[in-house]
Amino acid sequence: MDGKSLSRSLWAFHLNTGSCNGCDIEIVAALTPRYDVERFGIKLVGTPRHADALFVTGPVTRTMEKRVKRIYNQIPDPKVVMVIGNCGSTGGVFYESYNLVGPVDRIIPVDVYVPGCPPRPEAIIQGVVKLWEKLEKKRRKR
Ligand code: SF4
């Protein structure tokens with residue numbers, strides 16, 4: 001984090017694009033009291049219009065393609081995207097499955113990948129720190 005404090009909290013919208021729910025449960029673990037990322041100002045919001053970041057889990061099924069694009073476009077600029085789990089990053093165990101259009105970076109730009117099947121909450125928190133730094137850089141450029 002290069003020793004500087006981050007200037008604002010990070011609000012995120014979570015989108016499941018066909019995940020088995022394993023990655024989603026790890027996001028819940030990161031949010032709930034054991035890891036409690038809300039103490040750093042990180043919280044999930046109910047609409048992409050209030051978000052700074054998009055958290056994506058799952059490999060992107062055909063039915064989710066339009067929704068991924070629409071939700072990405074609804075997030076105000078500057079915005080950042082983090083893919084959580086192998087499925088969204090590479091297709092994972094569903095790679096080249098007939099009903100997929102993913103991985104996520106075939107549909108929208110991705111800033112941070114958190115590998116794992118599923119990744120642990122510590123890895124998600126590390127990914128959020130990287131994401132936060134990227135968002136701050138984008139804000140400074142404006
Ligand atoms: S990466 Fe693993 S845990 Fe996450 S959605 Fe894919 S199969 Fe499930």
Side-chain angles (χ1 to χ4, degrees), residues 1-2 4-141:
M1 280 230 279
D2 73 7
K4 292 180 199 151
S5 64
L6 295 158
S7 61
R8 289 182 241 186
S9 59
L10 183 140
W11 288 8
F13 185 79
H14 170 215
L15 180 64
N16 176 335
T17 63
S19 154
C20 75
N21 266 356
C23 291
D24 310 85
I25 294 292
E26 297 302 318
I27 293 174
V28 172
L31 289 164
T32 44
R34 178 148 186 199
Y35 294 93
D36 192 17
V37 293
E38 208 165 305
R39 71 199 144 118
F40 303 125
I42 300 158
K43 76 174 206 173
L44 289 188
V45 290
T47 164
R49 296 181 199 282
H50 293 165
D52 307 296
L54 181 62
F55 291 176
V56 186
T57 54
V60 192
T61 57
R62 283 188 196 285
T63 52
M64 288 304 290
E65 183 179 10
K66 276 188 194 161
R67 291 166 180 86
V68 173
K69 286 181 187 162
R70 191 169 67 219
I71 286 169
Y72 177 79
N73 289 329
Q74 285 173 342
I75 298 176
D77 287 320
K79 58 191 159 199
V80 281
V81 176
M82 180 163 82
V83 174
I84 297 168
N86 290 351
C87 286
S89 302
T90 65
V93 291
F94 305 109
Y95 182 68
E96 291 198 331
S97 174
Y98 69 95
N99 60 343
L100 293 187
V101 292
V104 178
D105 58 11
R106 284 194 189 152
I107 319 294
I108 55 172
V110 172
D111 297 279
V112 172
Y113 301 85
V114 182
C117 181
R120 289 182 55 82
E122 292 93 332
I124 295 173
I125 293 169
Q126 191 181 17
V128 169
V129 171
K130 284 184 194 157
L131 196 68
W132 214 335
E133 288 170 342
K134 292 201 172 192
L135 181 62
E136 288 296 310
K137 272 187 199 153
K138 286 186 186 185
R139 280 176 176 155
R140 273 186 238 122
K141 277 187 194 160

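All values reported here derive from a predicted model rather than from experimental measurement. Indexing begins at 1, ligand by ligand and atom by atom, following the structure's order.
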Let me have the donor-acceptor pairs involving side chains of residues 43-53, under 3.5 Å, with sequence neighbours excluded, atom names and distances please.
from, atom 1, to, atom 2, distance (Å)
T47, OG1, R49, N, 3.1
D52, OD1, R139, NH2, 3.1
D52, OD2, W11, N, 2.8

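Residues in residues 65-91 take part in no side chain to side chain donor-acceptor pair (under 3.5 Å) pair, two or more places apart or across chains. Within the structure, side chain to side chain donor-acceptor pair (under 3.5 Å) pairs that include any residue of residues 106-115 comprise D105-Y113, D111-K138 (at least two apart or interchain).
The number of heavy-atom neighbours closer than 6.0 Å to CZ of R34, taken from other residues, nucleotides and ligands shown, is 12 or below.
In this structure, the side chains of I84 and V56 stay at 4.5 Å or more apart for every pair of heavy atoms.
Shown here are the protein N/O/S atoms lying under 2.8 Å from atom 2 (Fe) of ligand 1, water excluded: C117 SG.
A donor and an acceptor atom, one from each side chain of N99 and T61, are nowhere located under 3.5 Å apart.
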